Amino acid sequence: MNISTIVFLLLSLMAVGSALMMIISKNPVHSVLWLILVFFAISGHYILLNAQFLAVVNIIVYAGAIMVLFLFVVMLMNLNADTEPIKNYRMQLAGICSGGTLLLILVLLTNRMDVEQLVQTNVGDAGLIKNLGMSLFKQYVLPFEISSVLFLSAMIGAVVIGKKEETIDQNTNS
Amino acid sequence: MGTYFSFPDLFIWLPILAGLLCFIPALRNHGKNLSLLFSLIILGVSIASLFFTNDGKYLSFNHVSYIWLKYLGANYYIGLDGVGRSLTLLTAIVFPLIIGSGYKKEVSSSHSFYGLLMLSQAGLMGVFMAMDALSFYFFWELALVPVYFLASKWGGEKAIASTFKFFVYTFAGSLLMLVGIIYVYLHTGGRTFEDGTIAPHSFSLSAFYQASLSVVEQTWLFIVFFLAFAIKMPIFPFHTWQPDAYDQSATPVTMVMSAIMVKMGLLGVFRWLIPMFGQADHLLYHIATVLSVIGIVYASFLAMVQDNVKKLVAYSSIAHIGLMSAALFSMKKMGVQGVFLQMFNHGINIVGMWIVLDIIERKTGIKKISELGGLAIKAPALTIFLVIISFANIALPLTNAFPGEFMLLNGLYQYKPWLAVLAGLGVIFSAVYTLNMIQKVFYGTVKESTSEVSDIEINEKIVLSVIVLIIFVAGVYPQPLIDLTKASADQLFTIIK
Amino acid sequence: MNNTFNLVWLIPTLPLLGFLINGLGRKSLSKSASGLIGSAVVLGSFIISIMTFIQVKQGHTGVIHFFDFLRVSGLKVAFSFQIDQLSSLFLLIITGVGFLIHVYSTAYMHDEEGKDFAKYFAYLNLFVFSMLLLVMGGNFLILFVGWEGVGLCSYLLIGYWYENNNYTDAAKKAFVMNRIGDLGFLLALFWLISKTGSMEYSQVLNAASLAKLTTFDITGITLLMFVGATGKSAQIPLFTWLPDAMAGPTPVSALIHAATMVTAGIYLIARSNILFSSALITQQVITIIGLATAFLAASIALKQNDIKKILAYSTVSQLGFMFLALGTGNYVAAVFHVLTHAFFKALMFLGSGSVIHAMGGEQDIRNMGGLHKHMKVTSITFLIGCLAISGIPGFSGFFSKDEILAGAFGYNTIIYGVALFTALMTAFYMFRLYIITFTGKFRGTHDQEHHLHESPAAMTIPLIILAILSIIGGYIGIPEVLGGHHELAHYLSPIIPTAHHSLSHQTELMLMGLSTALVLGAITFAWIRFRNFKAEQSNGGLSSFLENKWYVDECYEWIIVRPIKKASSLFQHILENRIIDGSVNGVGKLVNYGSRQLRWLQSGQVGAYVLLMVLGMLLLFVIQFFVS
Amino acid sequence: MNAIIISAIWGVLLMFSGVFLKNKSVSKYLALFGSVLALVSTCIEMKTGHSFFNFPMYEMIKTDAFNLLFISIIHGIMIVYFLLNAQEITKVGSHVAEYYALIFFILSGIAIAATFNTLLMLFIGIEIISIPLYILTGSDKRNLKSNEAALKYFLMGAFSTGIMLMGIAFIYGGNPNASFYIDKIDMGHGQMPVFIAMGLVFMLVSMSFKVSAAPFHFWTPDVYDGAPTVFTSFMSTVVKAAGFFAFLRLFEKAFGSMQDQWQNMIAWITFATLLIGNITAVFQQSVKRMLAYSSIAQAGFMMLAVFAMNGKAKEGILLYSAAYSLATIGIFGVLTKMEDYTISGFNGLSKSNPVVALTATIFLLSLTGVPLTAGFQSKFFLLISAVENGNHIWLVVAAVLFAAISAYYYFRVIQAMYFKTAESDDQMVMQPITTQYTFILVLIAILILIIGIYPELIIGWMYR
Amino acid sequence: MDIKAYITLSLVLFTIGIIGVLVRRNAIIIFLCVELMLNAVNLLLVAFSKMHALSPVAKASANFASDAQIFVFFIMVVAAAEVSVGLAIIVMMYRNVHTVDINFLNRLKN
């Protein structure tokens with residue numbers, strides 16, 4: 001029971017707990033905030049695994065940019081707590097049951113792998129920016145370039161979808 | 001000369017050409033004449049082909065083979081053997097009769113009607129001549145499609161439904177057969193083409209005959225192929241599409257179906273099924289035979305209670321086909337040769353039957369036996385033709401059907417006497433319902449339904465006379481037809497040895 | 001083939017020619033022309049038949065081969081004629097009697113309009129053609145061709161007046177019943193082929209081929225052949241068509257249903273006697289059936305009032321006698337009786353025809369009477385016929401019938417007794433017919449009475465000829481007892497080995513005396529009974545039972561026809577529509593139903609979709625990891 | 001490689017064309033030219049064996065005759081697609097150039113998905129295909145159905161992306177080579193490591209989702225129904241074909257030699273897809289929705305290729321892509337011009353537009369798989385491959401029986417066109433169409449027939 | 001640390017994400033849950049990379065274990081793009097129907 005184990009447990013607790021809070025909290029704004037908490041926890045894990053670059057990126061990109069974007073949208077729609085007036089219990093029950101079964105099965109399967117495989121924590125240079133940068137711009141240059149196409153299309157998409165259009169007509173069948 | 005043209009080519013391309021010509025807008029109004037002209041030319045060709053039957057000398061006239069899908073091992077291979085000749089002859093004879101009998105009748109958008117008719121002829125010819133499994137399957141389906149459109153568009157009020165039933169039923173059967181073909185194909189040996197390409201397997205008929213299949217595999221494949229052919233023929237209990245389809249379709253289409261299309265099934269059985277699966281469990285052959293015989297009796301029973309004259313003929317046709325398939329599956333040489341003979345004669349007779357019924361329906365607008373009567377007074381010539389044709393239909397001696405039926409029953413007897421007895425019951429019943437029909441429709445006093453019926457037109461007279469002529473000639477001297485198909489029978493029995 | 005027979009092909013061809021001319025030219029030909037043609041062709045073949053007969057008598061026989069009808073996988077069937085004693089004899093009967101009847105018909109059918117008249121003669125010629133084919137054929141298949149051909153012609157001629165539904169019904173009945181018999185015949189042929197591999201008489205009907213056959217085979221084949229014969233020759237159980245067949249014109253009845261076609265069965269069995277004599281069981285069956293038929297028909301004939309019906313039943317009865325003879329191995333007697341019966345029964349039918357002609361279509365004898373004074377020739381010839389059939393010594397019937405009876409006696413006394421009794425009944429009902437019809441006073445309507453007249457010469461001359469024949473016809477077969485030496489038997493001996501004569505001459509003479517005496521008794525009884533006949537209603541159960549022909553038709557209706565009809569409609573409605581077609585359509589319905597149900601999976605709710613996806617994923621995990 | 005870069009560049013080009021050129025028709029011709037260029041360059045690459053652009057890519061993608069042939073087929077189809085649908089695309093909304101740009105981005109994504117050699121490239125490729133598709137689906141913004149379809153598609157798509165990533169993670173974890181290269185995953189024969197097996201299931205789920213195989217097909221009918229018809233015809237043909245190609249490539253290269261351990265799942269998925277697709281299509285009244293279900297049914301047939309995974313399967317998937325895409329684009333091309341999208345809306349089409357009716361009949365026959373049409377050949381090849389594979393023959397029998405059922409709903413349209421008559425003569429069955437539109441339809445029909453008669457025109461290239 | 005711990009953790013997070021997708025009807029929340037799933041995957045990938053870093057093949061190349069982390073990086077990239085598009089779509093929807101409740105997406109069914 002060394003220190004890293006304790007840290008791991010704490011972070012895991014935090015991640016799972018806030019994840020749960022995210023899906024059960026009524027107010028979307030709260031959900032977003034809880035999710036950000038989850039991200040912090042995960043970043044903590046990254047640091048524990050000595051993947052500093054990802055930890056940083058996770059905070060900046062995810063918790064920073066993306067989640068803020070979410071918050072903006074939620075605010076802009078000023079969705080408040082009672083956006084889901086009627087609850088469908090059967091649906092929720094079914095969801096929870098099937099999700100639980102899935103988790104059960106997956107964990108069972110994971111334990112089928114009998115050999116003990118350890119994870120390198122605190123040490124190791126795999127996650128250092130230097131190495132990542134090296135391989136990103138040498139080996140992974142093609143996907144790096146290609147992902148620009150992805151962003152372009154996303155951008156166009158945002159334009160095409162986002163620009164306000166005039167009147168809606170309910171019934172055209174194309 | 002054979003390098004420039006060959007009979008199989010002509011049999012395929014002339015009808016297609018005619019069919020396409022009919023669709024040319026400039027020629028729209030001449031569809032009838034065009035198709036009649038071409039069908040007569042084709043008849044001439046097929047008669048000519050009878051003089052070049054010696055494959056040893058005229059191989060290039062009678063067999064055409066092009067490389068088609070060389071990586072798959074499929075050739076476009078059509079050829080004429082004995083049975084092929086007799087069936088192409090039948091097709092070539094029947095189509096002019098069909099077109100001629102309806103010559104005076106006006107058809108809506110006739111160009112497409114006759115165009116499709118000729119296209120269907122091409123498909124049928126192909127089925128009878130195909131010597132390569134893939135070509136066979138192609139033509140098998142291509143014969144079906146035009147007939148589907150013909151039957152649905154120019155049919156009775158329930159035509160669309162009944163024809164679609166017919167289509168889906170046969171389509172399912174043939175798709176099953178396709179699986180069977182593929183299975184056999186994957187068990188054939190390799191094949192080297194003229195240009196040196198080597199295909200892993202081969203679709204050629206001979207390769208299919210030599211496919212290495214275990215007894216169990218053969219048994220399963222037998223079932224698959226049998227289903228396809230049984231639906232096409234049709235054999236009891238796969239026959240239920242037929243009466244409605246015959247009843248609902250326009251008579252020319254019905255003629256094509258009943259005179260020629262049903263022969264596709266029989267041909268499939270003896271050119272593909274039996275030679276390939278000779279080692280299949282013989283219980284299957286027995287079951288097939290028994291089913292056919294049951295079909296004879298069953299259909300005769302049903303024919304006796306039909307009030308719709310077209311359905312009556314449909315059921316009687318089921319009975320006849322049943323007899324043929326029974327003789328085929330019982331695999332006695334006499335019976336098989338009888339089948340070859342009878343396939344031709346049945347085609348002629350049933351066409352005659354339909355022509356007469358069509359005339360009646362046209363003149364009175366009635367298909368119900370109970371509402372007709374006394375036609376003999378109004379239309380004596382028609383009556384005489386019908387009486388001759390229907391007696392040919394019940395195989396009276398000196399008509400064409402007799403030698404065939406004699407051989408069929410004889411073959412069946414050699415297989416199992418009690419089956420011959422059952423089939424014989426069918427013979428008796430056929431007399432009963434045929435005579436019933438004659439009596440109710442033609443004899444008796446004139447009813448108001450038939451009061452202003454006139455006798456038949458000249459074109460119908462010609463057509464029917466031709467049929468009657470064939471009936472008697474083939475009845476008194478059937479030997480040429482038998483000799484024509486003898487080789488095929490011998491070949492069949494050498495293969496399954 | 002020796003060139004003495006180079007005209008034989010004309011024998012059947014001429015009638016065929018007549019058929020074609022009359023058939024095709026029926027619109028254009030005048031009545032007299034078609035009648036002339038019709039009769040002339042038959043006369044022609046009659047003449048050639050006589051020539052042939054003479055040659056055969058000189059001992060020339062042979063098989064004339066034209067072409068191979070079928071040549072397929074081991075079986076070779078020639079289209080050939082066999083000219084020998086038996087066939088030439090039948091040729092004479094058919095063409096001779098046929099010719100007379102043609103001539104008779106020209107007058108009898110005179111009221112028909114032109115094209116029907118021509119049609120009639122066309123049919124008649126066609127019949128003669130097929131009958132000739134039947135007897136001349138060199139093998140069983142050609143025989144079968146003719147066999148079915150005559151069936152067709154009888155169908156056409158019975159239904160000649162096709163507007164009357166009962167007539168066409170009768171025609172249908174005749175054809176179908178024949179067909180049933182034919183099936184038996186066909187099966188016999190198949191059996192024969194499968195064992196001997198041939199159908200030629202020359203190859204099948206000899207000791208060599210017999211050796212190939214086991215007793216079982218022979219019994220089976222002969223029995224099946226006999227089934228065919230019962231159909232054609234109107235024996236139990238297939239006899240009921242013959243009385244109905246009287247719907248046809250009277251000359252047709254005379255030709256087809258008395259003289260020629262119905263004897264085809266006898267011809268068949270006589271032709272293949274070598275088979276039958278070695279099948280004891282079959283012979284017994286034939287004996288019983290023949291006797292039963294004879295008795296049954298005779299008993300029915302006692303109470304009939306339709307003149308033609310009576311004759312019809314008597315025909316059935318006489319045919320029964322012939323089969324009795326065949327059964328007792330007495331083939332010559334059978335053939336002999338065929339010959340004589342052809343004469344006197346044709347005579348009587350034609351006579352009845354002229355009566356009906358005179359009575360303007362009236363057929364019920366209760367409305368006749370005293371016709372003798374109006375139509376002498378008919379009456380006298382008819383009387384001769386009656387005498388002949390009842391077997392009065394000196395008339396043809398006597399010799400043949402006596403021979404049969406003698407044979408029966410030699411075979412079994414009881415059978416003889418029954419046969420004798422039947423013979424008495426025959427005499428009784430024939431004279432009942434004669435007395436009621438020709439003696440006494442007229443019972444018909446008034447205009448019928450003064451319309452009465454003797455028939456024209458074209459009808460009377462055949463009557464006279466036939467009358468003469470039915471007197472002298474018997475003298476070709478005088479038994480040794482009466483000092484003759486059975487010409488016929490000798491003539492036929494190459495085909496039919498002469499029956500062994502077990503009886504001593506005394507017994508034979510005694511039998512003759514007995515039968516003659518009894519017959520005379522029967523006749524006198526009839527005279528007393530019907531001398532002054534009144535049309536009285538039937539009395540008592542038995543007579544009504546007989547009037548209704550033992551209810552045989554009704555039985556068939558109930559046992560065979562009804563069940564078949566029931567079964568057919570049952571098949572149609574239950575099996576066909578519900579089960580087979582139902583299951584086919586059921587698939588379609590199932591697809592439609594399934595489609596309607598599966599649509600609800602597509603609920604439109606993203607949540608539901610994702611849930612189903614997750615469930616699917618679970619399922620896949622289970623399949624992959626937990627299903628071995 | 002050529003195709004990837006050219007279509008990416010062309011996407012950018014078109015994007016700017018929308019900004020600078022106001023004439024909408026220009027972008028159409030640009031697009032046409034672009035796909036022609038891509039096609040030609042790909043063919044050249046196929047011939048010469050190396051592309052114009054060569055910079056170190058560390059085998060992130062790998063090209064061979066097979067996938068280059070596939071890409072050129074795709075671009076060939078795109079030419080036809082642009083020819084037929086340019087006019088319709090302009091009708092969808094105001095951002096015509098952007099639509100074209102997105103289509104070209106998708107094409108470059110397709111090229112990536114067809115040539116990927118690492119799971120990373122697969123992931124990126126699929127995302128490049130998916131994200132623009134979400135947009136195209138929602139591009140008809142005035143139409144609520146379109147919006148709804150877009151949102152549904154997006155949510156479920158994102159979900160399936162998560163699944164796929166989980167699969168990739170597990171595969172990576174279970175892979176002793178610790179590599180994303182698909183050819184380094186295949187262990188050869190022997191028991192699969194459990195992580196790889198779990199990852200395989202996840203991948204199977206997500207790929208099945210992309211190719212709309214049951215039970216992961218639920219988005220398909222709604223999205224195809226809601227999206228603008230032109231884009232439906234695009235995503236139901238080319239995109240789906242690409243999905244299958246990626247599916248086949250992944251499972252062949254990564255798990256091919258362990259096929260016997262996961263074939264059961266494929267068999268069941270195939271069966272379920274055939275069942276649901278065919279059966280549900282029977283009852284549809286709207287032709288568009290019927291075609292959506294029929295595309296599921298066709299997917300079921302294409303699954304046979306993944307099931308069999310042998311030489312004939314490759315040829316089959318090529319033929320199927322060509323045949324199915326051509327026929328579907330054609331029938332959608334007819335559909336876009338119809339006044340009424342229900343089946344009864346086709347009544348009497350043979351009277352008013354005989355030629356169009358004829359072509360539509362050929363398309364439908366091809367979809368049914370009647371001989372002489374390309375549809376038959378493709379089904380035929382896939383059946384051969386499935387039978388050759390040898391396992392689960394029952395699946396093949398089921399497949400052909402369902403093919404027979406498919407005749408049921410395709411022929412309803414044919415019956416409507418030929419054997420039924422419009423309610424009233426004055427009522428328009430079809431919008432007026434230009435002659436060249438008809439001409440292009442005829443062209444497609446002829447193409448279908450040619451492929452149907454001589455399929456080695458296409459697959460012959462694999463033997464060069 | 002044992003890898004199983006990490007696997008379990010990320011699986012738990014992943015499943016929570018799935019359950020969220022199943023039980024919530026607010027489109028934005030569902031989207032958040034998807035993001036959670038992605039992050040679970042990221043965590044797992046990093047864990048695996050560190051696991052492989054211990055494996056013998058790791059000696060083969062220097063930046064060996066970084067593959068997975070680069071992959072994570074790309075996942076983030078893609079996620080960002082996805083978010084921009086997704087939010088745009090949601091906003092468009094909201095403009096038209098003034099709700100983000102997916103149960104109102106039921107024009108397309110059957």
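A, B, ... follow the sequence lines: proteins, then strands. Residue 1 opens every chain. Remember, it's a predicted structure, so these values are computed and weren't measured experimentally.
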Of the non-hydrogen atoms in [X] and [Y], which two are nearest, and what is the gap between them?
X       : Y       : result
I623(C) : M265(D) : CG2-CG, 4.0 Å
F216(D) : G616(C) : CZ-C, 3.9 Å
M617(C) : V205(D) : CG-CG2, 3.7 Å
M613(C) : F159(D) : CE-CD2, 4.1 Å

task = Go through the atoms of L151(D) and report whether side chain, backbone, both or neither lie under 4.5 Å from a heavy atom of chain C.
result = neither
key: Interchain contact, I269(D) with chain C, by part (heavy-atom threshold 4.5 Å)   = side chain
message = Would the distance check show the side chain of Q624(C) and the main-chain N or O of N264(D) forming a donor-acceptor pair, the cut-off being under 3.5 Å?
response =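 Not confirmed, Q624(C) side chain does not pair with N264(D) backbone.
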ask   = For chain C, which of S208(D), P215(D), P221(D) has the most heavy-atom pairs under 4.5 Å?
value = P221(D)
query = Parallel, tilted or perpendicular for F202(D) and F621(C), by the 30°/60° rule?
reply =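 Because their plane-to-plane angle is over 60°, the rings of F202(D) and F621(C) count as perpendicular.
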task = Using a 4.5 Å cut-off on heavy atoms from C-beta on, say whether the side chain of W268(D) contacts that of L619(C).
result =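 The answer is no; the side chains never approach within 4.5 Å.
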message = Give the interface residues of residues 566-600 of chain C toward chain D, defined by a heavy-atom separation under 4.5 Å.
response = V591(C), N592(C), G594(C), S595(C), R596(C), L598(C), R599(C)
request  = Please check if atom NZ in K212(C) has more than 12 non-hydrogen atoms from other residues, nucleotides or ligands closer than 6.0 Å.
outcome  =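 Atom NZ in K212(C) is packed in, count exceeds 12.
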inquiry  = Could you measure the distance from the CD atom of Q602(C) to the OG1 atom of T280(D)? Nearest 0.5 Å is fine.
reply    =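 If we round to the nearest 0.5 Å, Q602(C):CD and T280(D):OG1 are 8.0 Å apart.
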inquiry  = Between V622(C) and chain D, with a heavy-atom cut-off of 4.5 Å, which part of the residue counts as in contact: side chain, backbone, both or neither?
reply    = neither
